[in-house]
Structure formats: C-alpha cells, structure tokens
**Student:** 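I'd like to ask some things about the structure below.
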2 protein chains.
Amino acid sequence: MHGKIIPFATNVAAPKTTTRILDAAEALFMEHGFEATTLRAITGTAGVNLAAVNYHFGSKEELFQAVLTRRLDPMNEARLALLTRLEHDYAPKPVPCEKILTALFVPALELARDRHRGGENFLRLLGRAYADPAPFIRKFLSDQYAVMIARFKAAFGRALPRLPRKELSWRLHFIMGALSYTLAGTDAAKLIAELTPHETNNDEALLRRLAPFLLAGLQAPMAASADVTRELDGELARRR
Amino acid sequence: MHGKIIPFATNVAAPKTTTRILDAAEALFMEHGFEATTLRAITGTAGVNLAAVNYHFGSKEELFQAVLTRRLDPMNEARLALLTRLEHDYAPKPVPCEKILTALFVPALELARDRHRGGENFLRLLGRAYADPAPFIRKFLSDQYAVMIARFKAAFGRALPRLPRKELSWRLHFIMGALSYTLAGTDAAKLIAELTPHETNNDEALLRRLAPFLLAGLQAPMAASADVTRELDGELARRR
DNA sequence: CTAAGATTCAAACAAACGTTTAAACGAGAA
DNA sequence: TTCTCGTTTAAACGTTTGTTTGAATCTTAG
C-alpha cells in the first residue's frame, strides 16, 4: 500500500511538467468543460505522460481546483486590496458605488489582459465553473469567494444606505451572475466579433459594456421596482 | 441493416414510457448536467428498460433536445404571442420597455408555476444548458431562440429609439445572461431560503427581484456609461 | 562514482459509458 | 387461432474513462 501521498516539488523552481499540465488543462477545461475533458487529452496536448496528472495533482478534481486557484487567488486578493485602499482614501465617507464596481472589475480586466499567462481565456473557464453542477466545484467556488463577497457586500451597503439589505443581496447576486455568464458565453465572442471587430482585447470590450449596465441596476430606486412588478401581477392575473 | 428509423407513436395517446423517460431525464439533467447524467440512471428512475431511450429517442443527445423542446417551444410561443398582442394594443406607438420585459418574463413565470408538470425546476435546467459548452446544445438553443430574440430586439429598439443598436444588442445579451444564470444557480436557492422563506414559489420570487434590476440597466442612459468606464480607465492607467 | 529519491514511462486495471442485438412479449386484425 | 407489428427485455458489444503499477530514467547530494 502506497497511500495517497502527493509529493511536493522539492526544487523551488517548479518542474516544467506541472505548469505544462496546468496550461493544457486550463485551455481544455475552458473549451469542453470539466466532465468532457479527458486526462488523455490534457496530457496529450501538454506532451507529458498520462500518469503525470495523478502523480503531481492526485486526481482530476484536484487538478481542476489547482487550475482555478492559480489565477483566482491573486485576482481576489487584488480585489480586496483595491477595496481596502478605496475605503482608506474615502474614510470616513462611504466609497461610491462606481468605485466599488471598479475594484471588482479591474482585477478581472488585468487577468484578461495577462495574455502572457494565457489569462485571456481564463475568465470564460471561470464563468463556466460557476454554472457547473458538480458539487466539488460549487463548494470550492463558494469557499473561495465567501470572504471577498462579504467585504464587497458591506461596502455596497455603506454606499447605498437606503437600499434594504435583502435587496442588496439580490442585486449583488445578479451582478456576479451577469458577470459570470457574460464571461462564460460563447455568444459573447460572436457579439464582440460582430460589434467591435477592432477591439484589441475581447474581455475588456465586454466588461466595459457590462459595467454601466450593472451600475444602473444596482442603483435602481426601489420605487422603480413597482413598475415591472405591477405589470407582472396584472398580466398574471389576467391570464389565470 | 436496420437503419436509424425512429418509430413514431401509433396511438394518439402517448405511451407512458416516453413521458416517464422525459420526466426522469428532466429531473436528472437538471441535477447533474448533461454529461454527468447516465442513461442507466435515467432509465432506472423512470422504471423502464435501458434500451428504451435509444428505441424511443434515438440517442442521448436527442433525448436531451426532446426534454428541452417539450417546455421551451410552448414558452417561446407564449412570449411571442404576448409581444404580438402588446404591439397591437399600443400601435402605432412603441410598446414600453417594462411591458416588453413582462412579455419576456410572464411565460417563464408560468412555466415555473406549472408544478403539475414538474416545471418548477425546469428553468434551472434551461439556465444550465445555456452555460453548457457542448456544441449540439449551443446550436440547439441558438436555433430555438433566434426568432424570438430577433422579435424582442426589434421591440426594444422601438421603445428605446435613442439607444444605439449596438448598445441594445449588448444589453439584451446581458439580460438573457442574467436571466439564465440566475435561474440555473444553486446559490439562488440558498438566497431564497435565507431571504424569503415564506414565498410560495421560488422562481417567482427570483424573477420579481430580477425584473426591476434589469429594467434599470436596460434604460440606463448612455451618459452614465462614462462614469464607470472613466474609473476603469483611470485605475488601469494608474496600475500600469 | 554511487546510492537515494524524485520523476517519467509504457502498460494494464476495473469500472462505467452509450449503443446494439436478437429474442420474448402483448395487443389487435383477419 | 394465427399473423403482424410496435414495444419491452436481458445480455452483450466495443470504447473510453480515471487510476494504479512496477520498472526505467533522471537528478542530486555525499
């Protein structure tokens, strides 16, 4: 019995194999999703042996988490750092909504721009993971985001003191949802190609359109809510 | 050689087997996604023979499409019918935004309410399908929605004459995205349980919060766009 | 150089997958 | 009854999956 010991790299410089696996896995997971991506495809495009994944990462699931962590940890830390600086700059006043949104978007943009590290397509993988039903993925993302989301919710709460906390929770959820879906979308790529073919960075073009849209929704007065809701009520009653 | 002939039901009353398969498949696809759901699990919970799926539907992919079509076709037809009626009522004036949104949401709400036909959870399956990378799913949804989306885009365009068409395309995309993601989310279920435990219908509670949020984003003036975008520019420049 | 440990390799593993097959079944018509 | 044809059944098909294994190879320190 050999146990489940996963050896760590003894050299400080990471052996090339692990990063090659991570790069290949990132690209393939992004394109086909978790279930549909086989270890043989990953090790094949990475140019390493099939057994390398289980040797270095333990399992396919752990490899997937490693792929996400590599980019997600720095991004979320950057988000928190940005928010912290904003809160310091504006103290004791609340940070304005558009500034908070900036702290949420800029690190994502930087990730999207980091072409050297293949980040240009990573956001799509992230968006896809958000919609994946696999329990281990959902738990991983939930844990990964819990701290950051809590901090941002508090900040938005201070910026929008008149908005009930419940409503704020909903709108923050919508924001993260729209962000995830938009980044994951295959349709988004088409839209970009059709609408702004000259844009240098796809994800940047996308986020630039998304941010104003979400800001308006976030700042929507509660009163306006009645407009659509009343319509819903009326229409539903009429059709019964 | 037997060919790929898929026999149609000769009896006008559908044989119980096909609907049992559809029901079981709908529930399982919703819970685990397309790839992770096995035919053995479907036929097992449906209480039918393993070969029944291939006999009645031809393949797993065709079964999935049948599951979606059963609920999607009526929903999209209802959306178009509602929009048509609205356009007739308001003609020659354009239909207001909130009314158009209503035509988009009400049929989804009715589907969510149709508990007798298991519709309460179907919307989650739909949202998941939206984020699925499988090509046959993407093509299916694209074809399915093409007509409806075009009609609604035209209607929104008339309601928002000052909004550039490009911008409208983006915002419509965001709306469909937020709708899909929100319906697919496992997080949404938790949110509902925490925030509105008394609500009778989960999806309804969800759409009621989403609609005002999206309406505000849709109607956001182009000018406001500069607010966030300028922040993005500044922050990105500062961090280079 | 040598010994030890980390890494790679080809090969095989059992399990599970979607699909196919041929026989058995069941109801209605002649 | 007998024939027919749509349906169901149990069994097996050939692949492919993630993972494991033991030997070969490379790296590095003594």
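Numbers restart at 1 for each chain; the letters A, B, ... are given by sequence-line order, proteins then strands.
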**Student:** State which of C/dT8, D/dG18, D/dA10 makes the closest approach to the side chain of B/Asn49.
**Tutor:**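 Shortest atom-to-atom distance from the side chain points to D/dA10.
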**Student:** Using whole Å, report how far CG of B/Asn54 lies from C1' of D/dA10.
**Tutor:**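 It is 15 Å, rounded to the nearest whole Å.
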**Student:** I'd like to know if A/Arg70 and A/Asp23 make a salt bridge, using a cut-off of under 4.0 Å between side-chain N and carboxylate O.
**Tutor:** yes
**Student:** Contact class for B/Thr37 vs. all strands (heavy atom < 4.0 Å): base, sugar-phosphate, or nothing?
**Tutor:**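 Since only primed, P, OP1 and OP2 atoms lie under 4.0 Å of B/Thr37, the category is sugar-phosphate.
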**Student:** Among the candidates D/dT20, C/dT20, D/dT17, find the nucleotide nearest to the side-chain atoms of A/Thr38.
**Tutor:**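 In terms of side-chain proximity for A/Thr38, the closest of D/dT20, C/dT20, D/dT17 is D/dT17.
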**Student:** In whole Å, what is the span from the NZ atom of B/Lys16 to the C1' atom of C/dG26?
**Tutor:** 15 Å
**Student:** Would you kindly give the CZ-to-P distance between A/Arg20 and C/dT8, to the nearest whole Å?
**Tutor:**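 So the CZ-P distance, A/Arg20 to C/dT8, works out to 10 Å.
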**Student:** Where the side chain of B/Lys60 is concerned, which of C/dG18, D/dG18, C/dC9 is the nearest nucleotide?
**Tutor:**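 It is C/dG18.
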**Student:** Measuring from the side chain of A/Thr17 (C-beta onward, heavy atoms only), which nucleotide among D/dG18, C/dT8, C/dC9 has the closest atom?
**Tutor:**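 Of D/dG18, C/dT8, C/dC9, C/dT8 is nearest to the side chain of A/Thr17.
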**Student:** Rounded to the Å, how far apart are B/Leu50 CG and D/dT7 P?
**Tutor:**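 Result: 18 Å.
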**Student:** Rounded to whole Å, please give me the gap between CZ in A/Phe57 and P in C/dT7.
**Tutor:** 12 Å
**Student:** Tell me: NE2 of A/His56 to P of D/dT19, nearest whole Å?
**Tutor:** 15 Å
**Student:** Rounding to an integer number of Å, can you tell me how far B/Ile21 CD1 sits from D/dT7 P?
**Tutor:** 11 Å
**Student:** Taking only the side-chain heavy atoms of B/Leu39 (C-beta and beyond), determine which of D/dT8, C/dC9, C/dT19 contains the nearest atom.
**Tutor:** C/dT19
**Student:** Tell me whether A/Arg138 contacts the main-chain N or O of A/Tyr130 through its side chain, where contact means a donor paired with an acceptor under 3.5 Å.
**Tutor:**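 At least one qualifying donor-acceptor pair exists.
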**Student:** Would you name the heavy atoms of A/Thr102 and A/Pro107 that are closest together and state the gap between them?
**Tutor:** O-CD, 4.2 Å
**Student:** Does the plane of the ring in A/Phe213 sit parallel, tilted or perpendicular to the ring in B/Phe174? Use 30° and 60° as the thresholds.
**Tutor:** tilted
**Student:** When you measure from the side chain of B/Thr37 to the backbone of B/Leu28, do you find a donor-acceptor pair of N or O atoms at a distance under 3.5 Å?
**Tutor:**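 Yes: the side chain of B/Thr37 pairs with the backbone of B/Leu28.
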**Student:** Looking only at side-chain atoms of B/Tyr55, point me to the closest of C/dG18, C/dT19, D/dG6.
**Tutor:** D/dG6
**Student:** Using a heavy-atom cut-off of 4.0 Å across all strands, would you classify B/Ala51 as base, sugar-phosphate, or nothing?
**Tutor:** base
**Student:** From CZ of A/Arg40 over to C1' of C/dA12, roughly how many Å is that when rounded to an integer?
**Tutor:** 11 Å
